[in-house]
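Scroll down for the structure; my scribbles are underneath it.
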Amino acid sequence: MSFRTVVITRQSRMSYKNRFLVVKQDSSEKYIHLSEIDTIIVDSISVSISTYLLKELSDNKINILFCDESHNPFAELSPYYSRHNSSKRIKEQIGWKPKEKEALWTRIVKNKMTNQAQMLKKIGSEKYELILSYLLEVTSGDKTNREGHSAKVYFNALFGKKFTRDEDNKINSALNYGYNILLSTINKEIIINGYLTQLGIHHKNEFNMFNLSCDLMEPFRVVIDNFVYFNQNRKLDKDYKLDIIDIFNRKYKYMGKSYVLKDIIKMYVKITLESVQNLEKYRDFEFYEG
């Protein structure tokens, strides 16, 4: 089972040899077997990569993210074909009925808001009770936007009343970095299961390549929020970002058992995509570490 996240932070040449990723830096070479790799993050614009390696990474369903000069993720490698019956899955996806998608979105929103309340309760904020009251008011498809009201209360309780998500500051930079890693992780699982990331359940932006991923990531945002909240005084440097990446190796509860977050996301995506036409299959991700 793949378990490593490989991060490349300086000038390198990446290539492929006999089932190994080869990373050459100056006069040294490092070999990592592809079977051990889950994700590669290229956090430098001074890296060259062989086409052969990109092909092998795609064939082995290894996620690779590319960061810009500001060290923020800007692109990833997404294979055209990751499942033998992807055409069948895409046909099913196109045929999802509006009422089915609306019902699933309602469940996802409630899952997200429950986790937000749990996070606020964890830090001793009484505002968790307000979010729970919003939770009781969620209608089908969340047409009254209880999620939006909850988000405002939630972020103000975490980072102060003046905080907004559109500000250019260290907290938002950290949140965005973590969310991008989360989004990419979910993209990978959607593609592996044979679906299109563009066709969402609730998100429908024609310019968004990852509408479905934006839907499915909502209950998991809290794990990034939790890390950023408890590390507000740290510098947003290489070590900080490596620690964000390591969140996905931590254990959380899912369906009554303890799993590494990467494995939970793998199970959650599969179960949720199967839940569109049968909501009884859906299983909440609950924000409990351990």
Side-chain angles (χ1 to χ4, degrees), residues 5-12 39-47 63-76 112-113 115-128 130-131 147-187 203 205 207-210 213-214 216-250 252 261-262 265 285 287 289:
T5 297
V6 178
V7 183
I8 310 297
T9 59
R10 62 189 180 92
Q11 185 173 4
S12 311
T39 299
I40 299 172
I41 299 177
V42 181
D43 193 7
S44 171
I45 57 173
S46 300
V47 175
N63 207 21
I64 179 166
L65 283 77
F66 301 93
C67 298
D68 59 21
E69 60 274 16
S70 298
H71 308 285
N72 295 313
F74 73 90
E76 63 184 86
K112 176 184 180 180
M113 292 171 65
N115 287 340
Q116 289 177 330
Q118 176 65 21
M119 176 63 193
L120 294 190
K121 188 175 182 180
K122 176 180 178 178
I123 66 171
S125 171
E126 295 180 355
K127 293 295 184 181
Y128 84 91
L130 182 55
I131 291 182
E147 181 204 9
H149 290 287
S150 175
K152 180 175 176 55
V153 170
Y154 173 71
F155 280 114
N156 287 165
L158 284 180
F159 303 117
K161 291 184 178 180
K162 294 184 179 180
F163 177 82
T164 62
R165 280 288 291 130
D166 56 2
E167 288 182 276
D168 183 11
N169 56 38
K170 185 181 75 171
I171 289 176
N172 275 322
S173 294
L175 290 172
N176 291 338
Y177 185 85
Y179 292 159
N180 281 333
I181 302 298
L182 173 60
L183 181 70
S184 179
T185 304
I186 291 177
N187 286 341
H203 290 82
N205 191 325
F207 303 109
N208 184 3
M209 292 289 291
F210 310 118
S213 312
C214 289
L216 303 193
M217 72 183 284
E218 295 295 352
F220 293 92
R221 288 179 181 269
V222 65
V223 298
I224 306 298
D225 306 336
N226 177 72
F227 177 87
V228 174
Y229 175 83
F230 286 106
N231 290 273
Q232 293 182 60
N233 296 324
R234 288 180 58 187
K235 184 179 180 182
L236 188 58
D237 55 11
K238 174 185 172 182
D239 289 336
Y240 185 104
K241 291 183 177 182
L242 288 175
D243 285 343
I244 287 183
I245 294 167
D246 190 54
I247 292 172
F248 296 87
N249 295 316
R250 296 181 184 177
Y252 291 84
L261 184 59
K262 283 181 182 178
I265 290 173
F285 166 67
F287 180 55
E289 297 173 277

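Formation of a donor-acceptor pair under 3.5 Å by the Asn180 side chain with backbone atoms of Asn176 is found in this model. Of the possible donor and acceptor atoms, one in the side chain of Ser173 sits under 3.5 Å from a partner among the backbone N and O of Asn169. With hydrogens and angles disregarded, a donor-acceptor distance shorter than 3.5 Å links the side chain of Asn115 to the backbone of Phe285.
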Task: Ile224/Tyr177 under side chain to side chain contact (heavy atoms under 4.5 Å, CB included): CA gap, chis, key distance, verdict - done: CA-CA 9 Å; Ile224 306 298; Tyr177 185 85; over 6 Å; no
- [ ] Give the intermediate values and the outcome of side chain to side chain contact (heavy atoms under 4.5 Å, CB included) for residues Asp225 and Phe287.
- [x] CA-CA 11 Å; Asp225 306 336; Phe287 180 55; over 6 Å; no
Open item on the list: Before you tell me yes or no, could you show the steps for Ile131 and Lys127 under side chain to side chain contact (heavy atoms under 4.5 Å, CB included), namely the whole-Å CA-CA distance, both residues' side-chain angles and the distance that decides it to 0.1 Å?
Closed with: CA-CA 7 Å; Ile131 291 182; Lys127 293 295 184 181; 5.8 Å; no
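By the 4.5 Å heavy-atom criterion applied to side chains, Arg250 and Leu261 are not counted as neighbours. For the pair Tyr252 and Ile247, the minimum side-chain heavy-atom distance is below 4.5 Å. Taking 4.5 Å as the limit, every side-chain heavy atom of Ser44 sits out of range of all side-chain heavy atoms of Ile8. In this structure, Met217 and Phe210 have side chains that are not in contact, with every pair of non-hydrogen atoms separated by 4.5 Å or more. The closest side-chain heavy-atom distance from His149 to Leu130 is not below 4.5 Å. The closest side-chain heavy-atom distance from Thr5 to Lys262 is below 4.5 Å. You'll find the side chain of Val222 stays beyond 4.5 Å of the side chain of Gln116, heavy atoms only. When side chains are defined from C-beta on, Leu120 counts as touching Leu158, because their heavy atoms get closer than 4.5 Å.
Checked against side-chain hydrogen bond (donor to acceptor under 3.5 Å, both in side chains), Asn231 has the following partners two or more places apart in sequence or in another chain: Arg234. In terms of the ring pair (Phe, Tyr, Trp, His ring centres under 6.0 Å) criterion, residue partners of His203 (sequence neighbours excluded) are, by chain and number, Trp105. By the side-chain hydrogen bond (donor to acceptor under 3.5 Å, both in side chains) test, Thr185 is found to be paired with no residue, residues two or more places apart in sequence or in another chain being considered.
Taking the six-membered ring for Trp, Phe227 and Tyr240 have ring centres closer than 6.0 Å.
With 3.5 Å as the limit, one finds a donor-acceptor pair spanning the side chains of Lys122 and Asn226. No side-chain donor-acceptor contact under 3.5 Å links Ser150 and Lys112. Under the 3.5 Å distance criterion, with hydrogens and angles disregarded, no donor-acceptor pair is assigned to the side chains of Ser70 and Asn72.
Here the options are Lys241, Lys238, His71, the test is side chain to side chain contact (heavy atoms under 4.5 Å, CB included), and the partner is Thr9; only Lys238 passes.
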